[in-house]
Amino acid sequence: MIQLKQFQLPTVVQSPMANCTDLPFRLIARSQGMAFAFLEMVSSDALVRETRQTVEMMRTIPEDRPLGAQLVGCDPGVMGEAAAKVEAMGFDLVDLNLGCPVPKVVCRGGGSMLLREPATAEQIFAAVVRAVKRIPVTVKMRLGFSDGSGEEAARIARIAQDCGVSAVAVHGRTREQGYTGSADYEAIRRVKESVKIPVIGNGDVVDGESALRLRRVSGCDGVMLGRGALGNPWLYREVEAALAGAPPPPPPDLAERKRVVMRHIELQVQHDARPVGPLRRVISWYFRDHPGVADFRGRIHRAQTVDEMRELVEAFGDRTHDAGRRTQERDHQS
Ligand SMILES: Cc1cc2nc3c(=O)[nH]c(=O)nc-3n(C[C@H](O)[C@H](O)[C@H](O)COP(=O)(O)O)c2cc1C
């Protein structure tokens, strides 16, 4: 656990991901051991105006705790006002986005653009820390806009610390890199060495081994999972075991995978007025490493109803799976 103000942040957390970390995703992840999640980023302007879409994006239920909200924006006053709302809504933590590479956000001066605007970033941090009373404020950022040395992030992290921000999370890529190349854990170390507040490392953690490497190389206090957990809610326990030096939990077999997918479908239907679109992506995530998934993905994509999707999941290949496993075993023996 990482102590932040009166709040204990678990060492392994799920990152905010637009169109991915919705309520059904979080509930499934929690059922498999996820200890802390973020909502996807919300625009501070939209939250202050309480647009219908934003209120919907922030919908949660009591079982969906502990939970952090993330704000994106570039106006200190509006960010402060939005952060106060986040606190009043009962979230456990408010995070500020200094990593989003999306042009719509960057062009307005928000997200990763703030890495280049330390004076504005400072005003935002100060306004938000002033605006919330109880909950911790954190900042999630990239290494830099185009400079991958970690210097830009280190400078922003020091400013954040001086303003009273409780912790920073660093994704080991630049804005220019987008999601290409690999996350640089050495550069995250530079940020870690330049501040006293906790640093959470992020980027390319897909199993226990990569989590251990991130912690060893960067010296980070916590590990943030991103894309690796999409369709793999078993990752949280695997990473926690690795960080604790415990043996890995057994991986799920196909039957367990299908059981969890069926539950995910159920939750999507329960909490989403239009579940078919999101489910097209979600279901394929779960089977991405299985033989025969390309054809399956096509079928899921063409499915028009949730019932059709359920049937496809039920029928998804025990035989292909067994064939794949036999091949793996043969390869292992040879
Ligand atoms: C589809 C998608 C949506 C994302 N949305 C957000 C977001 O809303 N806020 C944020 O700070 N980062 C967002 N990210 C970045 C991730 O939180 C994470 O920092 C990044 O994917 C690196 O971690 P990973 O390599 O483990 O995936 C998003 C990434 C992806 C792929």
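Both counts, for ligands and for their atoms, begin at 1 and track the order of listing. Only heavy atoms go into these numbers, but all of them, side chains included; no hydrogens, no water, no symmetry mates.
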Under 4.0 Å from ligand 1, counting heavy atoms only, is it the side chain of Arg227, its backbone, both or neither? both
Which ligand 1 atoms does Asn97 reach within 4.0 Å, using its non-hydrogen atoms? 9 (N), 10 (C), 11 (O)
NZ or CZ of Arg142 within 45° of Tyr179 ring axis and under 6.0 Å: yes
Say whether Gly226, considering both its backbone and side-chain N or O atoms, lies within less than 3.5 Å of an N or O atom on ligand 1. yes
Met41 neighbourhood, listing ligand 1 atoms whose heavy-atom distance to it stays under 4.0 Å: 8 (O)
Given that the side chain starts at C-beta and the backbone is N, CA, C, O, which of these parts of His171 lies under 4.0 Å from ligand 1, counting heavy atoms, or is it both or neither? side chain
Mind checking whether Ala18 has an N or O less than 3.5 Å away from an N or O of ligand 1? yes
For ligand 1, the portion of Asp204 having any non-hydrogen atom under 4.0 Å away: both
In terms of residue, atom name and distance, what is the protein heavy atom nearest to atom 13 (C) of ligand 1? Pro16 O, 3.1 Å
Are Glu193 and Arg190 ion-paired here, with the side-chain N under 4.0 Å from a carboxylate O? no
Tell me whether Ile2 shares a hydrophobic cluster with Val137, the cluster being built from Ile, Leu, Val, Met, Phe, Trp, Tyr side chains joined at under 4.5 Å. no
In plain terms, say whether Glu50 and Lys85 are close enough for a salt bridge, that is, a side-chain N and a carboxylate O under 4.0 Å apart. yes
Any idea how Phe316 and Phe287 line up, ring-wise: parallel (<30°), tilted (30 to 60°), or perpendicular (>60°)? tilted
Please state which protein non-hydrogen atom is closest to atom 18 (C) of ligand 1 and give its distance, to 0.1 Å? Asn202 OD1, 3.4 Å
Below 4.5 Å, heavy atoms only, C-beta onward: do Phe25 and Pro278 meet side chain to side chain? no
Quick one: does Gly228 get an N or O within less than 3.5 Å of an N or O on ligand 1? no
Could you tell me if any non-hydrogen atom of Tyr179 lies under 4.0 Å from any atom of ligand 1? yes
Only heavy atoms of Ser15, strictly under 4.0 Å: list the atoms of ligand 1 that pass. 16 (C), 17 (O)
Looking only at the side chains, is there a donor atom on one of Asp95 and Thr138 sitting less than 3.5 Å from an acceptor on the other? yes
Closest non-hydrogen protein atom to atom 12 (N) of ligand 1, residue and atom name please, with distance? Lys140 NZ, 3.0 Å
If you round to the nearest 0.5 Å, how far is CZ of Arg116 from CZ of Phe145? 5.0 Å
Look at ligand 1 and say whether Gly99 reaches it with a heavy atom at a distance under 4.0 Å. no
For atom 2 (C) of ligand 1, the closest protein heavy atom turns out to be Met17 CE, 4.0 Å
Short version for Gln70: what comes under 4.0 Å of ligand 1, heavy atoms counted, is side chain
In terms of side-chain heavy atoms, does Thr60 have a donor or acceptor partner in Arg65 at a distance below 3.5 Å? yes
Does any N or O atom in Glu40 lie less than 3.5 angstrom from one in ligand 1, N or O only? no
dist His171:NE2 -> Ser15:OG (nearest 0.5 Å) comes out at 9.0 Å
Beyond-backbone contact of Glu40 with Met57, side-chain heavy atoms, under 4.5 angstrom: yes
